[in-house]
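For ligands, and for the atoms within them, numbers begin at 1 and follow the listed sequence.
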Amino acid sequence: LLDTSTSPTNHYAPKAFDAVIVGAGFSGMYMLHRLRGMGLTVRVYERGADVGGTWYWNRYPGARCDIESVDYSYSFSTELEQEWRWSERFATQPEILRYANHVADRFGLRTDVEFDTQVLSAVFDEHDETWRITTDSEEEVTATYFVLATGCLSVGNVPAIPGIDAFSGPTYHTGAWPHGGVDFTGQHVAVIGTGSSGIQSIPLIAEQASRTTVFQRTPNFSLPARNRLLDDDFVRDVKANYPDRRRVARYNSGGVFRIDNTENAIDVPGDRRRARYELLWEEGGLNFANAYSDLKTNLESNETAADFIREKIRAIVSDSAVAAALTPTSYPFATKRPCVDTGYYATFNRDDVELVDIRTDPIDTITERGVRTATTEFEVDAIVFATGFDAMTGAINNIDVVGRGGEVLRQTWAAGPRSYLGVACAGFPNMFTIATAGSPSVMSNMMTSIEQHVEWISDLVERSIADGVGMIEPTREAQDGWVDHLRELADDTLFPMAASWYMGANIPGKPRVFLPYVGGVGTYRELCDSVATEGYRGFSRV
Ligand code: FAD
Ligand code: N01
């Protein structure tokens, strides 16, 4: 523990803000707008050169959302909702980034954001009851409130494959893609990783490259996107009914416009179940994963959906050995985040695309010329790492966060993150986290979850200021109860059966803990609202 019980010597007076926010993605942008609207002085720090977060960094070919664009957008401003027009069912990264820029311009957000600046540490000064925040620009500022809007999927994971620095060609990570794009024309490209990023980018890389070699560790379940341009009638109808649409999204499990099916797959006759799977497969998108209410809790039910997708893979992929290698069998459907694709499985019918199953032929080393597995050296011109992220806790643990009595957050989280409601941590007064571990976040349409968090946190701050409360933090008991509740909820599902990033399993040495709240967006919102109504039950406010 660091000793922060006494105020450090002040060589100069750091700039003082009411609030400092880390991150200028959709979480940080809205948090800034809300806190500023309450009359607070706010400084946002963003590592990137502009707003957008995920959509600023992930510029790989094929990057787009897999939540319908009209739902993957802010609802807090009717004017914004009405003036913006999405062009496709699932918006591309450039379009979502344009939207983020539009929001920043419209609400004048950039004036309070310091770009190209990484927050390195935040230490709670018990004497002054403020956070002292330092950045890589060597600036130190203080803030009463410290908000981590650092993102769930913002720290790229590049695996420590021996020889990685020896490769003579360029390497790329999907989450840090060059802004000018990459031209793979005429090149032999290796893609390592077949999660959502790999599955979106591989068909487009394959179209451009002369040869594409895909290194797959675990096959994934992927659903067809059936993306389309949005016609004017649809857009007009959505805009006319936005309040109802958003209301539905706020109270169902996934934060989207959908009435959750309460039927269990296990109770439905096989032919009817199959017809429903076929219908949802043809409709495209993630709704397939919510075809029945027991898919994520009952293995037998889950197998009916998994088998349906396995059949589809066999029907699409012409080489039966390749189809078998692409077919997931080692974990239940949707316990890793399902992917949504355009032409992914069919890409493996191309003569210039090959699949290397690294479960049977593991990557041994990266050489000057390419990727060497146990059996073969693949000479390539470029390597794409679609190897994911140190999800949910990575960006927070990258910052030296030190709370009351010198408690180091990274150490407190060594066996897994500990928070109350995924919003605040005992021992870290006036510090809040947005849409990350311990909340529905990545199990939902993140925009719905981000808005819920930002509004709930800013209401808490506003109420505390009005009540003359200086410090807000959860009690240890409330936090312990929440951590237990998260685990119990997850243990009642099939999620712990997969070695997923939800479980921290993609990062060597990371504790295996199911990270998000799995009880659904609506239930979570009602719980948070009841906590507020009961005078912020579980929080100490002094
Ligand atoms: P981010 O957008 O990740 O923003 C966090 C920001 O914090 C980043 O810009 C980062 O640079 C900055 N930051 C972090 N640490 C520091 C530091 N120490 N100092 C300064 N700055 C820092 N969600 C959906 O709901 N639907 C989708 O379809 C969907 N598609 C996705 C596709 C991709 C490729 C990825 C990677 C994620 C996707 N997500 C999707 C999840 C997505 O991350 C969220 O929807 C949302 O954009 C998160 O916003 P955020 O502001 O919370 O975090
Ligand atoms: O990352 P991932 P992602 N050697 O972790 C493999 C969101 N998102 O960037 O499965 C070899 O899912 C790893 O293998 P395995 C969405 O929430 C959304 O693709 O761990 N391979 C896996 O195949 C998503 O879930 C969209 O065995 C290694 C892949 O790399 C999340 O972001 C698009 C390896 C990583 O898959 C993350 O997706 C993109 C190693 N050492 C992202 N380490 C939408 O469509 C890892 N892998 C909306």
Please determine whether any non-hydrogen atom of [X] lies less than 4.0 Å from an atom of ligand 1.
| X | value |
| --- | --- |
| Tyr56 | no |
| Asp66 | yes |
| Thr117 | yes |
| Ser444 | yes |
| Asn398 | no |
| Tyr60 | yes |

Check for me whether the distance between the ring centres of [X] and [Y] falls short of 6.0 Å.
| X | Y | answer |
| --- | --- | --- |
| Tyr331 | Phe221 | yes |
| Trp86 | Tyr99 | yes |
| Phe257 | Tyr242 | no |
| His453 | Tyr30 | no |
| Phe389 | His173 | yes |
| Phe378 | His188 | no |

Considering both backbone and side-chain atoms of [X], is one of its nitrogen or oxygen atoms within less than 3.5 Å of a nitrogen or oxygen in ligand 1?
| X | result |
| --- | --- |
| Arg337 | no |
| Ile399 | no |
| Trp57 | yes |
| Phe26 | yes |
| Ser27 | yes |
| Val119 | yes |

Provide, to 0.1 Å, the distance between [atom] and the closest protein heavy atom, together with that atom's residue and name.
| atom | value |
| --- | --- |
| atom 13 (C) of ligand 2 | Arg217 NH2, 4.3 Å |
| atom 42 (C) of ligand 1 | Thr54 OG1, 3.5 Å |
| atom 16 (C) of ligand 2 | Arg337 CD, 3.4 Å |
| atom 11 (O) of ligand 1 | Glu46 OE2, 2.7 Å |
| atom 8 (N) of ligand 2 | Ser196 CB, 3.8 Å |

Shortest reach to atom 27 (O) of ligand 2 by a heavy atom, considering only Ile507, Thr218, Val158:
Thr218

Can you sort out which atoms of ligand 2 are near [X], meaning under 4.0 Å from one of its heavy atoms?
| X | result |
| --- | --- |
| Pro159 | 40 (C), 41 (N) |
| Lys336 | 10 (O), 15 (P), 20 (O) |
| Asp66 | 44 (C), 45 (O), 48 (C) |
| Arg64 | 44 (C), 45 (O), 48 (C) |

With the threshold set at under 4.0 angstrom, would you say Ile358 reaches ligand 2 through any of its heavy atoms?
yes

Proximity flag Thr194 to ligand 2, non-hydrogen atoms under 4.0 Å
yes

[X]-[Y] side chain donor-acceptor pair, cut-off 3.5 Å:
| X | Y | result |
| --- | --- | --- |
| Asn227 | Glu88 | yes |
| Thr117 | Ser137 | no |
| Tyr45 | Glu139 | yes |
| Glu354 | Thr213 | yes |
| Gln200 | Tyr344 | no |
| Asn157 | Thr387 | no |

Ligand 1-proximal atoms of [X], by part, heavy-atom distance under 4.0 Å:
| X | answer |
| --- | --- |
| Tyr30 | neither |
| Ala149 | backbone |
| Tyr72 | side chain |
| Ile450 | side chain |

Can you measure from CG (Leu80) to OG (Ser75) and round to the nearest 0.5 angstrom?
9.5 Å

Report the distance from atom OG1 of Thr367 to atom CD of Glu379, rounding to the nearest 0.5 Å.
7.5 Å

Can we say [X] and [Y] salt-bridge, meaning some charged N sits less than 4.0 Å from an Asp/Glu carboxylate O?
| X | Y | value |
| --- | --- | --- |
| Arg43 | Asp112 | no |
| Arg132 | Glu140 | yes |
| Asp260 | Arg258 | yes |

Checking contacts now, so for atom 39 (N) of ligand 1, which I'm interested in, is there any protein heavy atom under 4.0 Å?
no

Measure the acute angle between the ring planes of Trp131 and Phe428, then classify it against the limits of 30° and 60° as parallel, tilted or perpendicular.
parallel

Of the backbone atoms (N, CA, C, O) and the side-chain heavy atoms from C-beta on, which set of [X] has a member under 4.0 Å from an atom of ligand 2: side chain, backbone, both, or neither?
| X | result |
| --- | --- |
| Phe389 | side chain |
| Tyr60 | side chain |
| Ala386 | backbone |

